[in-house]
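Heads up: the structure comes next, in structure tokens.
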Amino acid sequence: MSDTPASPPAARPATASGTAAGMRLLGVDLARSIALLGMMITHIVPLDDPDPTWATLFAGRSSALFAVLAGVSVVLSTRTLLSVSGPRAWLAAASGLWVRGAVIFVLGLLLASLGSSVAVVLANYGLMFIIASFLLRLPRLALGLLAPVWLIATPLLSHALRTGQGLYPSYDVPDVFMLADPGLLLQELAITGYYPVLQWMGFVLLGMCIARLEWTSRSLWKGMLFIGAAVAALALFASSLLLTMGGRAALEAELSAGADPLGSDLETILQVGNYGTTPTGSWWWMIIAGPHSSTPLDLLHSSGVAVAVLAACMLIARGAAVRWLMPFIAAGAMPLTIYTAHVVAVVFTELLLPPLLSLFLHIATALVFATVWRRAVSARGPLEWPVSRLVSTVRKAILAR
């Protein structure tokens, strides 16, 4: 989940006063830190106990930001290799993503097997890294056109496919035990699970497109901030408008008839979110923008938020105030370590501590550990460093042939 090519840890810039590449990485790390902390909030703070809380502001949006940044990472970690033409350069770049994706995939299954309340996203991300390897040579224009089409079209495809095949979510997070049924595992990861790869690949494509832009332009990020915020707001407005034009009545009738096996009401679905996909009884479900509903408007809204947050972080990284945010940037530079430690810690803290105290301990521990590790050991986290070395070894072996 690192966004830099495999190189010695010391090569990663540590301050915003360095090169343009250094500022670029600081902005990405800051955005990734926001995604990590947002996911911690949604994992720990009850979203509907008894009513939707402030934590619902992060529901769905944090993990979507993480996915967009994964797409950015795909390009940043392979751009040097891909600057050389030829199949061997692509194979070296792709193999690095295969290795990274496989490690993340396996780690995700293992973490899910711990039985915490967290819907672990890593297995899905690992699969998306592998899929993205086959799109590395797509030009920027193609990515820019494909991303919005993907975000709008794949929810409709999923709805039609699930309706036609009678596919329903199991509400189980894919773990190592699902390896006994590869078909079910693939179905959960790609179509019926909490983070359906079919739709969520759109976030990765968007991130890949953004990473191909001219990052040194301040006006670019100001424009991206405006565009992202506008798209996010328009998606919510469109959903609200369509709900008043018959959608709300139709969906409430669906829920009254038992469309949702968990018995959720419409307001909970719109504010707290669903479980990755919508029920299949009515096409009206495609107009909602609730978190984790994976509808066109949900994906467009979450994408807009992700773009706006990344743009804001890139602008902040250019200013002097960024030095006060270094603990957050340090945490964002080691997402695999911080996320893994957080999921493991949730197993112990969710039953022993009240939510707000638990959240404070998770965030404070992450920031302190990342800051100390960065200054005393390496800019890469304890999990990022061995993964990076493994990727580097595989790439060198292929290039040496």
Determine whether [X] and [Y] make a side-chain contact, defined as any pair of heavy atoms from C-beta on separated by less than 4.5 Å.
X	Y	value
Leu336	Leu122	yes
Leu109	Leu185	yes
His292	Val272	no
Arg88	Ile398	yes
Ser158	Ile191	yes
Ser294	Pro155	no
Arg380	Met334	no
Val368	Pro327	no

Side chain to side chain donor-acceptor pair (under 3.5 Å) partners of [X], counting only residues at least two apart:
X	answer
His43	His342
Ser282	none
Arg212	none
Thr192	Glu188

Using the side-chain contact (heavy atoms from CB on, under 4.5 Å) rule, take Ile131 and Met201 through it: C-alpha gap first, then chi angles, then the decisive distance, then the call. CA-CA 8 Å; Ile131 295 172; Met201 269 303 300; 3.8 Å; yes
Residue pairs involving residues 221-254 (criterion ring pair (Phe, Tyr, Trp, His ring centres under 6.0 Å); sequence neighbours excluded): Trp215-Trp221
Verify whether one side chain among Thr337 and Glu384 offers a donor that lies under 3.5 Å from an acceptor in the other. yes
Atom of [X], atom of [Y] and distance for their closest heavy-atom approach:
X	Y	result
Thr280	Thr163	CB-OG1, 3.3 Å
Leu151	Leu299	O-CD1, 3.3 Å
Ala92	Ser95	O-OG, 2.8 Å
Thr42	Ala55	CG2-O, 3.9 Å
Leu270	Pro291	O-CD, 3.5 Å
Val72	Gly207	CG2-O, 3.4 Å

Once side-chain contact (heavy atoms from CB on, under 4.5 Å) is applied, do any residues pair with [X], and if so which ones, sequence neighbours excluded?
X	answer
Leu251	Leu243, Leu266, Trp284, Trp285, Ile288
Tyr275	Tyr171, Tyr194, Leu262
Pro386	none
Ile363	Leu37, Met40, Leu359, Leu367

Does [Y] offer a backbone N or O that forms a donor-acceptor pair with the side chain of [X] under 3.5 Å?
X	Y	result
Arg323	Ala320	yes
Asn274	Gly276	no
Glu214	Thr216	yes
Thr365	His362	no
Trp150	Leu198	yes
Ser239	Ile287	yes
Ser73	Leu69	no
Ser217	Leu220	yes

Under the ring pair (Phe, Tyr, Trp, His ring centres under 6.0 Å) test, which residues partner Phe203, sequence neighbours left out? Trp200
Test: side-chain hydrogen bond (donor to acceptor under 3.5 Å, both in side chains). Region: residues 127-147. Which pairs qualify, not counting sequence neighbours? Trp98-Ser133
Phe129: which of Val99, Asn124, Ile104 passes side-chain contact (heavy atoms from CB on, under 4.5 Å): Ile104
Worked check of side-chain contact (heavy atoms from CB on, under 4.5 Å) between Leu65 and Val305: CA-CA 8 Å; Leu65 172 59; Val305 171; over 6 Å; no
Just how far is it from atom [atom1] of [X] to atom [atom2] of [Y], taken to the nearest 0.5 Å?
X	Y	atom1	atom2	result
His301	Thr295	NE2	OG1	10.5 Å
Leu399	Arg395	CG	CZ	9.0 Å
Asp29	Cys313	CG	SG	10.0 Å
Phe369	Arg374	CZ	CZ	13.0 Å
Asp298	Ser303	CG	OG	8.5 Å
Leu310	Arg32	CG	CZ	10.0 Å

Here the salt bridge (Lys or Arg N to Asp or Glu O under 4.0 Å) pairs for residues 239-258, sequence neighbours left out, are Arg248-Glu267
So with a 6.0 Å cut-off around CH2 of Trp54, is the heavy-atom count from everything else above 12? yes
Between Ser117 and Glu350, is the side chain to side chain donor-acceptor pair (under 3.5 Å) condition met? List the steps. CA-CA 8 Å; Ser117 60; Glu350 64 182 346; 2.6 Å; yes
Evaluate the ring planes of Phe66 and Tyr125, with Trp represented by its six-membered ring, and classify them as parallel (under 30°), tilted (30 to 60°) or perpendicular (over 60°). tilted
Intermediate values then yes/no, side-chain contact (heavy atoms from CB on, under 4.5 Å), Val307 and Ile227: CA-CA 8 Å; Val307 170; Ile227 292 172; 5.7 Å; no
Would Asp265 and Thr268 count as a side-chain contact (heavy atoms from CB on, under 4.5 Å) here? Give the steps. CA-CA 6 Å; Asp265 61 84; Thr268 298; 2.9 Å; yes
